[in-house]
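One structure below.
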Protein chains: 2
Amino acid sequence: MSMRQNDHPRPLNLEDIARKAGVSRSTVSRVINDEPYVSETTRVKVQAVIRSEGYSPNPAARMLVTQRTRVIGVVIPHTLHVAFQDPYYFPTLLQGVAEATTSRDYAMLLWMGERGEEETFYSRILRQNRLMDGLIIASATSDDPLVAHLVETGTPFVMVERPSRFTDRISYVSVDNVQAAQQAVAHLVNLGRTRIGTITGALDIVDGADRLTGYRNALHVAGLPFDPALVAEGRFTHQSGYVGAKRLLKAQVDAIFAASDITAIGALQALDEAGVRVPQDVALVGFDDLPNSVQVTPQLTTVRQPIHHKGSLATNLLLDLIEGTLPTPQQQLLPTQLVIRQSCGALAYS
Amino acid sequence: MSMRQNDHPRPLNLEDIARKAGVSRSTVSRVINDEPYVSETTRVKVQAVIRSEGYSPNPAARMLVTQRTRVIGVVIPHTLHVAFQDPYYFPTLLQGVAEATTSRDYAMLLWMGERGEEETFYSRILRQNRLMDGLIIASATSDDPLVAHLVETGTPFVMVERPSRFTDRISYVSVDNVQAAQQAVAHLVNLGRTRIGTITGALDIVDGADRLTGYRNALHVAGLPFDPALVAEGRFTHQSGYVGAKRLLKAQVDAIFAASDITAIGALQALDEAGVRVPQDVALVGFDDLPNSVQVTPQLTTVRQPIHHKGSLATNLLLDLIEGTLPTPQQQLLPTQLVIRQSCGALAYS
DNA sequence: CGTAAGTTTGGGAGCGCTCTCACAATCATG
DNA sequence: CATGATTGTGAGAGCGCTCCCAAACTTACG
């Protein structure tokens, strides 16, 4: 008569399948969980019934008894912030996580926070913690209260940046920002640049601070002085690239290392407006390798980081921790790659 | 001795709380679920114990008996595609969904697909369907096999674009792309442009096709002829904007409506290279209002769509459907806004 | 051919909750 | 003050699964 949703029949359960296959509940359970001690003939028979009835076990019942959910949580504390700093980062990371979770037959619960709602956000995650076997934490700082709570309750988790505190006791996956930035700046040094400036990222974020450290290291190795006038503090934004470049121009730089591509593109706009040629007058290197970096003129030399891989590796580590294959904590630094294009001047100008 | 995770004590259950509060399991359950027929004194007493013990009910047990999970699924079939077409779309939509789910105390399970894996992707979602009370489906077409299955099993779902089939039987939230595009092109007409070209989006995607329709409608209303030579088929990409603009230049356009900002920026680059002034020689209008659109010169006139709101509205509709407050199906079109900046020439040139 | 070991199957308990029902206590009403 | 309605509380069943144990049946070997 009506088309109401509860007209749909009660889904089948183990018992139903058992009856239809002429065996017991236990046997069906064994078949489903691929356990030994089931004869080949019954296994085949049961599988046939399962398939033909389109049966799949009730996850809630399973969770209840196994104390495992086969669900992991992904926590992104400041979504908009992250999204605008690098719009590709977030989807790409999630894609990496998704790939690993699905390939290992887990599901992912996504928690996205808003600024200013940290408390309720964390308490919600903590309250739902029995729904998840573990957590991936993106872009949080390790002095985050969430981290402390997780350690307390023994919930397995992996961070996707280098924690600033408890570094040796927390599992994480990251790239070696120090080394990557150092390599980028060394590249500028090798091209003969001597007044190399930098527009930093947000320095209260580990990635930002690490990239600045890499910049200093490269200068040090090259025997160049570190000059605070050549450091413009930024926040990974386009705007801070624009403003930073203007400031650095006054300081007579002949090269700029920007802590992100977005920042580099902002800088490029400022240089353009000032009539400064890139790379002839000022060489420019970015960080991230966004699609944008080949859509500007000149194309950006930049540092590529394996975001996708970061996500999948972090997830695989987490699942290994959950399944007890690996001791905790686990730490991994992924390699980056300097992508040389036009803005650094290493290629002949056309 | 060791620091293994299973050193952590078994979490408390209802029974434990009941004992500590000196009442029965049932009473505690009533307090937790805010049911009537609990005296004020016991309610307070029980709440105190719950808080002090940090108790929260086991979701699996709850799900098992209530047949409700308080979890919704968000399905994004072709992640990378979506992400690169408009990098802000995806995080922003998710943010909208997240906001609504958390405010109504649900959690969100994210399913991201890869191209070419549709079958396993959908079967996985369907297999886990008891884990979710309903689904939000982003960027799928309604001839998608998933949609058919969902209808079959009676799973509530809401799409976040206008379905191309079964349009009146499926719940969805979208913007009126036809009307939005029409308004954008009409704006160009009002500025006195007469040879208005368009670079379309992917025409097998409803949004893309609808925007082309809007373009045609506007010409029709203005009494301008529809000339196929002024239509460059694109795919929402930067590249197709670049190529499309070159083609349209040969056809002597004096204005271009691009189906996305990314496309418009590609077109801008082509116009720039050809020495064509924007907006003086060719006026340009985009679609989406990405942050990029103010970071190019001239700043882009474009159509802003309420992506965030789309996500939260779709979610609220879904939860209403789930909770039975609303009859199915539900359909909503959200208004867009034409954001006038420099590229259309409506503002005085500086 | 008896016995031990291994293989295959089924039944019962129980995970932690909600829901129904029974019962006790309180209140209003004639 | 007896009656019925309303409010407050607890006990039992059961959601659908896994896990443990017992039973039945095979096989191997002295």
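Only heavy atoms go into these numbers, but all of them, side chains included; no hydrogens, no water, no symmetry mates. The sequence lines fix the lettering, A, B, ..., with proteins before strands; numbering per chain opens at 1. Since we're looking at a predicted model, the values are computed, not measured.
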Using a cut-off of less than 4.0 Å, is there contact between a side-chain N or O of B:Ser26 and OP1 or OP2 of D:dG10?
no

Just compare C:dG10, D:dG16, C:dG16 and give me whichever is closest to any side-chain atom of A:Asn58.
D:dG16

Would you say that B:Ile32 contacts B:Leu14 through its side chain, given a criterion of any heavy-atom pair below 4.5 Å between the two side chains?
yes

Determine whether a donor-acceptor pair (N or O, by modelled atom type, separation under 3.5 Å) exists between the side chain of A:Arg124 and the backbone of B:Thr102.
yes

Within the structure, does a side-chain N or O atom of A:Thr27 lie under 4.0 Å from either OP1 or OP2 of C:dG10?
yes

Side chain of B:Val65 - closest among D:dC15, C:dC15, D:dC19
D:dC15

Between B:Ile72 and the options B:Leu319, B:Leu131, B:Leu109, the side-chain contact (heavy atoms from CB on, under 4.5 Å) test singles out B:Leu319

With a non-hydrogen cut-off below 4.0 angstrom, is A:Thr66 in contact with a base, only sugar-phosphate, or nothing?
sugar-phosphate

Of the candidates D:dT18, D:dG16, C:dC17, the side chain of A:Ser29 sits closest to D:dT18

To the nearest angstrom, how far is B:Arg68 atom CZ from D:dG16 atom C1'?
19 Å

Residues from residues 30-47 of chain B lying under 4.0 Å of DNA chain C - heavy atoms
B:Asn33

Tell me: CZ of B:Arg25 to P of C:dC17, nearest whole Å?
10 Å

Under the 3.5 angstrom rule, does the side chain of B:Arg68 hit a backbone N or O of B:Ile322 as a donor-acceptor pair?
yes

Nearest whole Å is fine: how far is C:dG14 P from B:Glu15 CD?
13 Å

Could you state the CG-P distance from B:Leu64 to C:dG16, rounded to the nearest angstrom?
12 Å

If the condition is salt bridge (charged side-chain N to carboxylate O under 4.0 Å, His left out), which residues does B:Asp320 pass it with, not counting sequence neighbours?
B:Arg104

Give the rounded distance in Å between these two atoms: CD of B:Gln67 and P of C:dC17.
17 Å

B:Tyr106 six-ring face occupied by B:Arg70 cation (under 6.0 Å, within 45°)
yes

Picking from C:dG10, C:dC17, D:dT18, the nucleotide nearest the side-chain atoms of B:Tyr55 would be C:dC17

Verify the neighbour count for atom CZ of B:Arg169: are there more than 12 heavy atoms of other residues, nucleotides or ligands below 6.0 Å?
no

Polar contact flag, side-chain donor to acceptor under 3.5 angstrom, B:Lys20-B:Tyr55
no

Between the side chains of B:Ser26 and B:Ser29, is a donor N or O closer than 3.5 angstrom to an acceptor N or O?
no

Measure from CE on A:Met63 to P on D:dC15 and round the result to the nearest Å.
19 Å

When rounded to whole Å, the CG to P distance for the pair B:Leu14 and C:dG14 reads 18 Å

Without decimals, in angstroms, what is the distance between A:Ile50 CD1 and D:dC17 C1'?
13 Å

Under 4.0 Å, heavy atom to any atom of DNA chain C: which of residues 125-135 of chain B qualify?
none

I'd like to know if A:Arg10 pairs up with A:Asp16 as an ion pair, taking the criterion as any Lys NZ or Arg NE/NH1/NH2 lying under 4.0 Å from an Asp or Glu carboxylate oxygen.
yes

